[in-house]
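Structure, as structure tokens:
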Amino acid sequence: MRATQFLIATQKETPSDAVVISHQLMLRAGMIRKLSSGLYCWLPLGLKVLRKVEAIVRDEMNKAGAQEVLMPIVQPAELWEESGRWEQYGAELTRFNDRHTNSFCLGPTHEEVITDLVRNELKSYKQLPANFYQVQTKFRDEVRPRFGVMRSREFIMKDGYSFHIDQDSLQATYDVMHETYCAIFNRIGLNFRPVEADTGSIGGSASHEFHVLAESGEDDIAFSDSSDFAANIEMAEALAPAQSDEAIIGTSKTIATPSQKTIEEVAAFCDSPTDKTLKTLIVLGEKNDESEEQPLVALVVRGDHTLNELKAEKLPEISSPLTFASEERIQKELGVSIGSIGPINLPITTIADRSAVAARNFICGANQDGFHIQNSNWETNAQFSSIADIRNVENGDPSPCGNGQLHIKRGIEVGHIFQLGDKYSKAMGATVLSENGKETVMTMGCYGIGITRVVAAAIEQNNDDAGIIWPSAIAPFQVAIVPINMHKSDAVADTCQALHDQLSAAGVDVLMLDEPKARLGSMLADVELIGIPHRIVVGDRGLANNEIEYKGRRDEDSQMLNKDEIVDLLMQKI
RNA sequence: CGGGGCGUAGCGCAGUCUGGUAGCGCACCACACUGGGGGUGUGGUGGUCGUAGGUUCAAAUCCUGCCGUCCCGACCA
């Protein structure tokens, strides 16, 4: 490819609204342009990368026995009413009417459509298992689109759905998909971890996320330093610590804390570490019957710990989504303001975290404004109704797998696989006849990869001051040919053209910077910004010695290579 | 949804407080010089100052509404 025939839209300056490095570099390298919030145009350079990611995904999916289909972006409301998600899905689902006033939505995902398709096409257990996938545009009207294509409203996803006669079959395909995802991300060249995950709004049972480790990630991943265990922090279990062996101080002491409300303030005031305090959070509970108001429930965690909202809202006593009680209601029903609450004679259900239960001689609110109690103990003055794991794990916590300590890092979710079970197939009547002629609801799995997000994630993980450093497998071009004074030297022009033709014929994606009077400095800066893995510079000085300069994108220095051997050497490196 | 910032040329910004001819750098076009890391000079192209209304002799500038966009916030006991 010649640069004069290909839009190189690089920019020297970073657009002011780009915050994360991948977004900045994608704009500067001329890969994408914003059309509107969360909507992006892909320029030729960006699309080239996107297509390479897609090709790898397709190749591995096909190898794993999945079949490609293509379903519409626009989906009829009826299907979503059948599954129940027309009601459940919030404002993220964009709905509209056609000219006949029929309701439709823009597909944020395709479970309904594939289930409809499969229930009509598959009739026998003999056709199972079946695994279908597509690479298709999705639209989710995100509350807050951000970070460029990392979290955009319109994006491209590879979504796959498998159908089974029983759980064993689903598990087998799920395992294959797990391996396939590892193969895909390895091939792309990402540093990633599969992690145990929550199933979220898609529903179902078992689930793994695939995270690219990067500081800009929006998720916290906890993983063991001495085993394969890894989980989204939402899911990572905090093990019960050993009961504190501190001797119980028999007499608690009420102390005035007139202006100390937060844990930090109280702990500092008492000259005590925050892990010697307990905090009590008041949330709304599940109603016992329809008529009454949602009861208040107290959640107690150690002062240095943070509440895991997902764990909390899964408890039967707690209303989902987790909602904190209003200051007014707390004042009215408990007669105390936020900042002085403690698990002392509370007239409501009180759920204590495992670590809170193990504490001795702790400081907690006195349920009287401006007072806390020192040397409180569950054995003496404090009470809980039940114990649960409701906190987030922290760096250094023991791993729930039993081996090693947990470390927490940020991750970008690029893939997610679920065992859906019969959530959709049952609701939508997707059945086949089993071996004994009985109508049987199919069991489903679903498997997603954020294609557009993978591109951004790859950049987050591979960049330097000069720009992007593409992993070889998804680089828009493998080799850049940079001529020096091509317009003055026939030798340079001819050599570059010959190298370009040879490499192209060998199937190498090569970009020749053929702008006649381009400055060397700006060409090199572009090649580095765009992130092309291999670069050769052709000039008269080198050619006089039958040499051509080579530099890998990550190399410190360039080296001179024999002109006659350079094509072979490049082919080896690619 | 709440809070905050910003909207002036493709990009980055100044000008707004204190109303008076719309500017700078990059990019782009032409010419010349230069020629191994975003070079220099000369001359150019390009803007209904987000939008609608108001105040005024006069509005990018002051006032009001709207729109767009970005950031922060769902850990407070």
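To find a chain, count down the sequence lines: A is the first, B the second, and so on, and within it residues start at 1. Predicted model, so just to flag it, every value in this text is computed and none were measured.
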(request) Supply the atom-to-atom distance A:Arg391 CZ to A:Lys311 NZ, rounded to the nearest 0.5 angstrom. (result) 7.0 Å

(request) Write down the partner of B:G19 under the Watson-Crick or G-U wobble criteria, each distance required to be under 3.5 Å. (result) none

(message) Test of understanding: with ring pair (Phe, Tyr, Trp, His ring centres under 6.0 Å), list the residues that count as partners of A:Tyr40, not counting sequence neighbours.
(response) A:His23

(request) May I ask you to verify whether the side chain of A:Arg519 and the base of B:G38 hold a donor-acceptor pair under 3.5 Å? (result) no

(request) Could you note down all residue pairs passing salt bridge (charged side-chain N to carboxylate O under 4.0 Å, His left out) where residues 269-281 of chain A supplies at least one of them, sequence neighbours left out? (result) A:Glu246-A:Lys276

(request) Looking only at side-chain atoms of A:Glu264, point me to the closest of B:C75, B:C71, B:A77. (result) B:A77

(message) Counting only Watson-Crick pairs (N1-N3 plus N6-O4 or O6-N4) and G-U wobbles (N1-O2, O6-N3), all under 3.5 Å, who is the partner of B:G68?
(response) B:C6

(message) Once you apply a heavy-atom cut-off of 4.0 Å, does A:Ile330 come out as touching a base, just sugar-phosphate, or nothing?
(response) base

(message) Using 30° and 60° as the class boundaries, would you call the ring planes of A:Trp80 and A:Tyr89 parallel, tilted or perpendicular?
(response) perpendicular

(message) Less than 4.0 angstrom from a charged side-chain N to a carboxylate O is my criterion; do A:Arg553 and A:Asp464 meet it?
(response) yes

(request) Kindly indicate whether the side chain of A:Asp220, heavy atoms from C-beta on, has any atom under 4.5 Å from the side chain of A:Arg410. (result) yes

Protein N or O to nucleotides 8-16 of chain B N or O, pairs below 3.5 Å:
| unit_1 | atom_1 | unit_2 | atom_2 | d |
| --- | --- | --- | --- | --- |
| B:G12 | OP1 | A:Ser16 | N | 2.8 |
| B:G12 | OP1 | A:Ser16 | OG | 3.3 |
| B:G12 | O2' | A:Glu13 | OE2 | 3.3 |
| B:C13 | OP2 | A:Ser16 | OG | 3.2 |

(message) Once side-chain contact (heavy atoms from CB on, under 4.5 Å) is applied, do any residues pair with A:Ala456, and if so which ones, sequence neighbours excluded?
(response) A:Ser22, A:Met26, A:Val149, A:Met150

(request) Please measure how far the P atom in B:G10 lies from the corresponding atom in B:C28, and state the result in whole Å. (result) 15 Å

(request) Please identify each residue that fulfils side-chain contact (heavy atoms from CB on, under 4.5 Å) with A:Arg329, with sequence neighbours left out. (result) A:Leu284, A:Glu293, A:Leu296, A:Ser326, A:Glu333

(request) Could you tell me whether the side chain of A:Lys279 has a donor or acceptor atom within less than 3.5 Å of a complementary atom in the base of B:C75? (result) yes

(request) Output yes when at least one side-chain N/O atom of A:Lys34 is less than 4.0 Å from OP1 or OP2 of B:C70, else no. (result) yes

(message) Once you measure the plane-to-plane angle for A:Phe477 and A:Phe6, does it fall in the parallel (<30°), tilted (30-60°) or perpendicular (>60°) bin?
(response) perpendicular

(message) Does anything in residues 478-499 of chain A come within less than 4.0 Å of RNA chain B? Heavy atoms only, and list the residues if so.
(response) A:Ile484, A:Asn485, A:His487, A:Lys488

(request) Whole angstrom is fine here: how far is it from CD in A:Glu313 over to P in B:C75? (result) 12 Å

(request) For B:U16 and B:G7, measure between their P atoms and round to the nearest Å. (result) 13 Å

